[in-house]
Undergrad: 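Have a look at this one before I ask anything.
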Amino acid sequence: MKPGTSGLRKRVTEFQSGNYLANFVQSVFNAVRPDGGFTGLTLVLGGDGRYFNDAAIQLVLKMAAANGFARVLVGANGILSTPAASNVIRKNKAFGGLILSASHNAGGPEGDFGIKFNAGNGGPAPEKLTDAMYAESQRINEFLTLDLPELDVSRPGAHRYGGMTVEVIDSVADYVQLMKQLFDFPALKAMFAGGFRLAFDAMHAVTGPYAHAIFEGELGAAPGTVHNGTPLKDFGGHHPDPNLVHAKALYDQMMAPGAPDLGAASDGDGDRNLIIGRDLFISPSDSLAMLAANAHLAPAYAGGIAGVARSMPTSGAVDRVAERLGVPCFETPTGWKFFGNLLDAGKITLCGEESAGTGSNHVREKDGIWAVLLWLTILCQRKQSAMQIAQEHWASYGRNYYTRHDYEEIDSTAAKKLMADLSAKIDAGLQLPKLKFADDFSYTDPVDGSVSKNQGLRVVFEDGSRIVYRLSGTGTTGSTLRVYIERYEADTSQHGLDTQAALADLIALAGKLAEIRERTDRERPDVIT
Ligand code: VG1
Ligand code: CO
């Protein structure tokens, strides 16, 4: 029961077997319990509504009561998007929260389930705590629960439940209120009234109700703006992963004649965002840079930003923006848990990852709908298309061509050997023309000094071009190899190239260095972003 990049993720069938879920929940409680126990403390509880969410909510409620919590705030029907849960924790000064989700992984009886603990700052538990949970799970010999009837969590209101209070809260209301504080809703409403068109794909996942309420409700976007807006337990049989493979219908719509002004999508639990302009996919790394450069156009960031952070594999595009703004840029390991300290300490205002995650200090999670609202704000204030904004950005800062190649569900032993052998090769000293350095990324948290090792193999060239390799920590079957490739291009006349073509030499080198084809038996990646 070792939490990965974002909580514990396993097959639904594994969570359903025996006391698996109860054992993990108790291990979490044991790891986070304060000296005085949970007396007087509040826990927030909600999930993305996938298959097994309902049963897990009932189990956690009984265990929270047995473990002595004073109060649980649970989203109606057990639903809270990940950013909404983060907000509820912060707003109510809760002790922490349990978020039930396997995010972008497929759902349904044969799909995946997941669970993670967020601390009182609203952010994912740091490594120190996830390590403690794992340790507890290895020595657990009992869990506490109460023999209580199922609680009806379908309607907002307070209930007594085994000595504890359970408050069922509206899943959407607090989040809408927060967004209204950050953005100029009347200005966005006027833009939609003027004919602006958005296509938002909720992928039958948790953002449906949030997107309906905000885009079509508050902002008056045309009915039908939100696609796939009804959450389904199995996401309609699809992966709720907003990338160019799983959100292909949206991509095709944005590339076709008569496309809307902006296309966007979010994932299973609502923390990711995909941004597609008319005729242009904006890579998440570029999106982060463009949001940072334009954030001051939104009321919440009008006073400027304190700093930015990106995960190591994310492109260096945002670094250039930070440099121009004269603010620091931090490079963290993959996973939102590493941004928490920087946000809490006020060192950064915005942060993001290449995997379609962007967020700010308004919560301690990445936030899909927030990112769409910030993009809408920029389009509204600059009165330009996404394409024009991107082209002007590249002309001003240069363009970081960037791609990620995923080899999914490959044999775990082969994947680990590929990484180990490449690491040994790097240690022995790579002989490559214009190589600047190669290493295994290690991070020292500038706030608490904690060190996280083995966070990805980097091969970096003198001109800043990079190849990064790491194994995914969110998959549940086999191993997924992620290869991240980047090249900086200053010359404006070279900014209109096809990304894969622009990176072809580095892509070939990446394959050769790690012997990907030979070791994985794959002719090509399963997903190219
Ligand atoms: C992936 C992404 C990472 C992200 C994580 C959780 O992790 O690469 O950037 O933070 O998913 O996102 P990995 O270890 O598979 O590369 V989510 O939206 O699935 O909670
Ligand atoms: Co997610």
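Note that the coordinates shown come from a computational prediction; the quantities given were computed from them, not determined experimentally. Numbering of ligands and ligand atoms starts at 1, following listing order.
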Undergrad: Could you tell me, atom by atom, which parts of ligand 1 come under 4.0 Å of a heavy atom of D271?
TA: 18 (O), 20 (O)
Undergrad: Would R310 and S315 satisfy side-chain hydrogen bond (donor to acceptor under 3.5 Å, both in side chains), going step by step from the backbone distance to the final call?
TA: CA-CA 8 Å; R310 62 166 172 84; S315 96; over 6 Å; no
Undergrad: Considering only non-hydrogen protein atoms, determine which one is nearest to atom 9 (O) of ligand 1 and report residue, atom name and distance to 0.1 Å.
TA: S355 OG, 2.6 Å
Undergrad: Just to check, does S311 reach to within less than 4.0 Å of ligand 1 when the distance is taken from its heavy atoms?
TA: no
Undergrad: Identify, by atom number and element, the atoms of ligand 1 in contact range of R482, meaning under 4.0 Å from any of its heavy atoms.
TA: 8 (O), 13 (P), 15 (O), 16 (O)
Undergrad: Provide, to 0.1 Å, the distance between atom 19 (O) of ligand 1 and the closest protein heavy atom, together with that atom's residue and name.
TA: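 Ranking protein heavy atoms by distance from atom 19 (O) of ligand 1, first comes H104 ND1, 2.5 Å.
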Undergrad: Is any protein N, O or S atom closer than 2.8 Å to the Co ion (ligand 2), and if so, which?
TA: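 Correct list: S103 OG, D267 OD2, D269 OD1, D271 OD1.
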Undergrad: Pick from D367, D271, L291: which one makes a side-chain contact (heavy atoms from CB on, under 4.5 Å) with T358?
TA: L291
Undergrad: How long is the straight-line distance from OG of S465 back to CG of N400, given to the nearest 0.5 Å?
TA: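 Reported to 0.5 Å precision, the distance equals 9.5 Å.
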Undergrad: I'd like to know whether D112 forms a salt bridge (Lys or Arg N to Asp or Glu O under 4.0 Å) with R11, so could you lay out the CA-CA distance, the side-chain angles of the two residues, the decisive distance to 0.1 Å, and finally the verdict.
TA: CA-CA 4 Å; D112 290 342; R11 289 279 186 210; 3.5 Å; yes
Undergrad: Evaluate the ring planes of W370 and H362, with Trp represented by its six-membered ring, and classify them as parallel (under 30°), tilted (30 to 60°) or perpendicular (over 60°).
TA: parallel
Undergrad: Select the closest option to atom 5 (C) of ligand 1 among R9, R272, K116, judged by heavy-atom distance.
TA: R272
Undergrad: For atom 7 (O) of ligand 1, what's the nearest protein heavy-atom neighbour? Residue, atom name and distance, please.
TA: T474 CG2, 3.5 Å
Undergrad: Only heavy atoms of T5, strictly under 4.0 Å: list the atoms of ligand 1 that pass.
TA: 5 (C), 7 (O), 13 (P), 14 (O)
Undergrad: Which is it for S472 and ligand 1 at heavy atoms under 4.0 Å: side chain, backbone, both or neither?
TA: both
Undergrad: Closest non-hydrogen protein atom to atom 4 (C) of ligand 1, residue and atom name please, with distance?
TA: E353 OE1, 3.5 Å
Undergrad: Just distances here: any N/O of G473 and N/O of ligand 1 closer than 3.5 Å?
TA: yes
Undergrad: Apply side-chain contact (heavy atoms from CB on, under 4.5 Å) to residues F281 and T499 and explain how you reach the verdict.
TA: CA-CA 11 Å; F281 159 62; T499 299; over 6 Å; no
Undergrad: Test the R320-Y488 pair against the cation-pi criterion, namely NZ or CZ under 6.0 angstrom from the six-membered ring centroid and within 45° of the ring axis.
TA: yes
Undergrad: Determine whether the side chain, the backbone, both or neither of D267 has a heavy atom under 4.0 Å from any heavy atom of ligand 1.
TA: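 Side chain only.
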Undergrad: The test is side-chain hydrogen bond (donor to acceptor under 3.5 Å, both in side chains); show your working for Y301 and T349 and say whether it passes.
TA: CA-CA 8 Å; Y301 315 104; T349 307; over 6 Å; no
Undergrad: Would N341 and D448 count as a side-chain hydrogen bond (donor to acceptor under 3.5 Å, both in side chains) if you check the C-alpha gap in whole Å, the side-chain angles of each, and the deciding distance to 0.1 Å?
TA: CA-CA 8 Å; N341 278 347; D448 67 13; 3.1 Å; yes
Undergrad: Run the side-chain hydrogen bond (donor to acceptor under 3.5 Å, both in side chains) test on Q138 and Y134 for me, step by step, so that the C-alpha distance in whole Å, both residues' side-chain angles and the decisive distance to 0.1 Å come before the verdict.
TA: CA-CA 7 Å; Q138 288 178 307; Y134 178 53; 3.2 Å; yes
Undergrad: If I apply the N/O under 3.5 Å rule, does K366 come out as touching ligand 1?
TA: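 K366 vs ligand 1: N/O contact under 3.5 Å present.
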Undergrad: Look only at interatomic distance and state if T334 has a nitrogen or oxygen under 3.5 Å from any nitrogen or oxygen of ligand 1.
TA: no
Undergrad: May I ask you to list the atoms of ligand 1 that are less than 4.0 angstrom from any heavy atom of S103?
TA: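 Those of ligand 1 that fall under 4.0 Å from S103 are 17 (V), 18 (O), 19 (O), 20 (O).
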Undergrad: Tell me whether E331 is salt-bridged to R458, with the criterion being a basic N under 4.0 Å from an acidic carboxylate O.
TA: yes
Undergrad: Could you work out, with salt bridge (Lys or Arg N to Asp or Glu O under 4.0 Å) as the rule, every residue matching E136, not counting sequence neighbours?
TA: R139
Undergrad: Kindly indicate, with the supporting measurements, whether the criterion salt bridge (Lys or Arg N to Asp or Glu O under 4.0 Å) is fulfilled by D54 and K233.
TA: CA-CA 10 Å; D54 295 343; K233 285 181 192 311; 3.1 Å; yes
